[in-house]
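So the structure is just underneath, and the comments pick up after that.
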Amino acid sequence: MKKVFKASLALLAAALIFSGCTKSDAKKDYILATGGTSGTYYPFGGAIANIWNTKIANMNVTAQATGASAENLRLINKGEAEFGTVQNDVMDYAYHGTDMFAGEKLSNIMTIGTMYPEVVQIAVSEKSGIKSVADFKGKRISVGDAGSGVEFNAKQILEGYGLTFDDIKKSNLSFKESAEGIQNGTLDGCFITAGVPNSALQELAFTAGLVLIPIDKDAADVICDKYGFYTYTTIPGGTYKGTDTDTPALAIKATLAVSSKLDEETVYEMTKALFENLDELARGHAKGKEVTAASAITGVSVPFHPGAKKYYNEIGLSVN
């Protein structure tokens, strides 16, 4: 009887050990919310997911097509995704419950790092005579789709020059419609927040010509001091036909957001794997060439996840 009992215990112990091994070896599934399949976020997110899946053992990250920034932040907050590619300004609104997230404060979102700039490009017609945002008073200006991130960018930049939407003849048009409006003379100018070059502005430059309006330093300082998600940048001369000189501009940044509920060690490993394989990210998507650990800590107004903070501090980058 004792022999049978001992044999049963041995079998039970073996089963427990086998069960434990199976559990530890099981892949952990995560969702990286991105954007539409025709945009930048989806393939860029796929390149990030590929690094995590190949460089970290037992990890399965799926890049999921979504409606982009606002939806991604809500998915993370609800626990339906662990990561998301988002605009850092939209993330700021979500975390603080302002602007498009007024009355809807999302508390379960944190930052891994900013990835690459999305430039606020301000274009006007050659006939408009506009030289500065200060000249927009009384002019016909498109500020992007109603309720979009572009509209808030336009509002904030106008504010830096002491203007409001009441001071301009405002239109809410898509990028393509804005460019067409400048071309056919129904608009004087527009705001477009996107990577450079933007296809709508490229077409406008070839067909009717355009002038890029620079942000002067005094206004830029005012805007950046108030809104911590902006960064200084330059649109290189030659980006668009007829624009031969560099144009000072402001940018928001595509950002990698993460659930605050993920543990520190997991996020540390994922942050480390990403930034130690940037050459692979660049091969996976052209925007990967613009990503660095040093720039990833700029334009951040939502707290870093402790795991990301641990990695940055480890490589000598000081973050709060």
Side-chain angles (χ1 to χ4, degrees), residues 69-70 73 86-102 105-107 109-123 130-137 141 143-144 147-168 170 189-196 212-236 246-257 290-305 308-309 312 317-320:
S69 297
L73 292 163
V86 303
Q87 290 183 192
N88 65 336
D89 55 342
V90 178
M91 190 174 180
D92 184 275
Y93 307 149
Y95 185 77
H96 295 101
T98 62
D99 296 294
M100 66 177 71
F101 282 88
K105 189 173 181 179
L106 307 188
S107 58
I109 56 173
M110 301 191 86
T111 304
I112 285 183
T114 56
M115 299 285 102
Y116 59 84
E118 296 183 271
V119 183
V120 185
Q121 300 166 73
I122 309 170
I130 295 171
K131 304 295 184 187
S132 166
V133 174
D135 300 330
F136 275 14
K137 190 167 186 176
I141 307 295
V143 297
S148 67
V150 184
E151 186 176 42
F152 286 105
N153 296 150
K155 176 176 174 285
Q156 292 151 4
I157 288 174
L158 287 169
E159 184 182 306
Y161 287 83
L163 300 174
T164 70
F165 284 156
D166 291 336
D167 294 309
I168 65 173
K170 179 172 77 78
C190 68
F191 288 82
I192 288 181
T193 303
V196 293
L212 290 177
I213 300 301
I215 297 291
D216 67 69
K217 190 174 186 307
D218 288 343
D221 288 344
V222 169
I223 296 162
C224 290
D225 284 346
K226 184 169 183 179
Y227 302 102
F229 44 77
Y230 281 108
T231 57
Y232 300 95
T233 192
T234 299
I235 303 171
D246 292 349
T247 303
L250 291 177
I252 51 95
K253 298 191 77 174
T255 299
L256 192 55
E290 301 177 40
V291 180
T292 67
S295 66
I297 63 173
T298 65
V300 176
S301 59
V302 175
F304 286 100
H305 191 285
K309 188 187 301 185
Y312 293 127
L317 296 173
S318 179
V319 297
N320 297 321

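Remember, predicted model here, so these are calculated numbers, not experimental data. The first residue of the sequence shown is numbered 1, and numbering continues consecutively from there.
Note that OG of Ser318 is 7.5 Å distant from CD1 of Ile297, once rounded to the nearest 0.5 Å. To the nearest 0.5 Å, atom CD of residue Glu118 and atom OG1 of residue Thr231 are 10.5 Å apart.
Residues that satisfy the side chain to side chain donor-acceptor pair (under 3.5 Å) test with Thr292, not counting sequence neighbours, are Ser295. Applying the side chain to side chain donor-acceptor pair (under 3.5 Å) criterion to Tyr161, with sequence neighbours excluded, gives Asp216. Residues meeting the side chain to side chain donor-acceptor pair (under 3.5 Å) test with Glu290, sequence neighbours left out: Lys287. The side-chain contact (heavy atoms from CB on, under 4.5 Å) check on Thr98 picks up Tyr93, His96, with sequence neighbours excluded. Scored by the side chain to side chain donor-acceptor pair (under 3.5 Å) test, Ser301 finds Asp92 as partners (sequence neighbours excluded).
Side-chain contact between Val150 and Ile192 is absent, with no heavy-atom pair separated by less than 4.5 Å. Looking only at side-chain heavy atoms (C-beta outward), Ile252 and Thr193 come within less than 4.5 Å of each other. Counting only heavy atoms from C-beta outward, the side chains of Met100 and Phe152 approach each other to under 4.5 Å. Annotation: side chain of Asp246 is not in contact with side chain of Ile235 (no heavy-atom distance under 4.5 Å).
Contact detail for Ala257 and Met91: the closest heavy-atom pair is CB-CE, 3.7 Å.
Although no hydrogens or angles enter the test, the distance criterion places a donor-acceptor pair under 3.5 Å between the side chain of Thr114 and the main chain of Ala296. Under the 3.5 Å distance criterion, the side-chain polar atoms of Thr164 are matched with a main-chain donor or acceptor of Asp166. The backbone N or O of Asp218 sits nowhere less than 3.5 Å from a side-chain atom of Asp221 that would complete a donor-acceptor pair. A donor-acceptor contact shorter than 3.5 Å links the side chain of Ser148 to the backbone of Glu151.
Considering Thr298, Asp89, Thr233 as possible partners of Lys253, the one that fulfils the side-chain hydrogen bond (donor to acceptor under 3.5 Å, both in side chains) test is Thr298. Partner Thr255 forms a side chain to side chain contact (heavy atoms under 4.5 Å, CB included) with one of Val300, Thr111, Val90, Val302 and no other, that one being Thr111.
At most 12 non-hydrogen atoms from other residues, nucleotides or ligands lie less than 6.0 angstrom from OH of Tyr95.
With no hydrogens or angles considered, a side-chain donor-acceptor pair links Asn153 and Tyr230 at under 3.5 Å.
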Enumerate donor-acceptor pairs with a distance under 3.5 Å from any side-chain N or O in residues 222-229 to protein atoms, sequence neighbours excluded.
unit_1: Lys226; atom_1: NZ; unit_2: Glu159; atom_2: OE2; d: 2.8
unit_1: Tyr227; atom_1: OH; unit_2: Glu159; atom_2: OE1; d: 3.2
unit_1: Tyr227; atom_1: OH; unit_2: Glu159; atom_2: OE2; d: 3.2

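Cation-pi contact between Lys309 and Phe304: absent, since separation from the ring centre below 6.0 Å together with deviation from the ring axis within 45° is not met.
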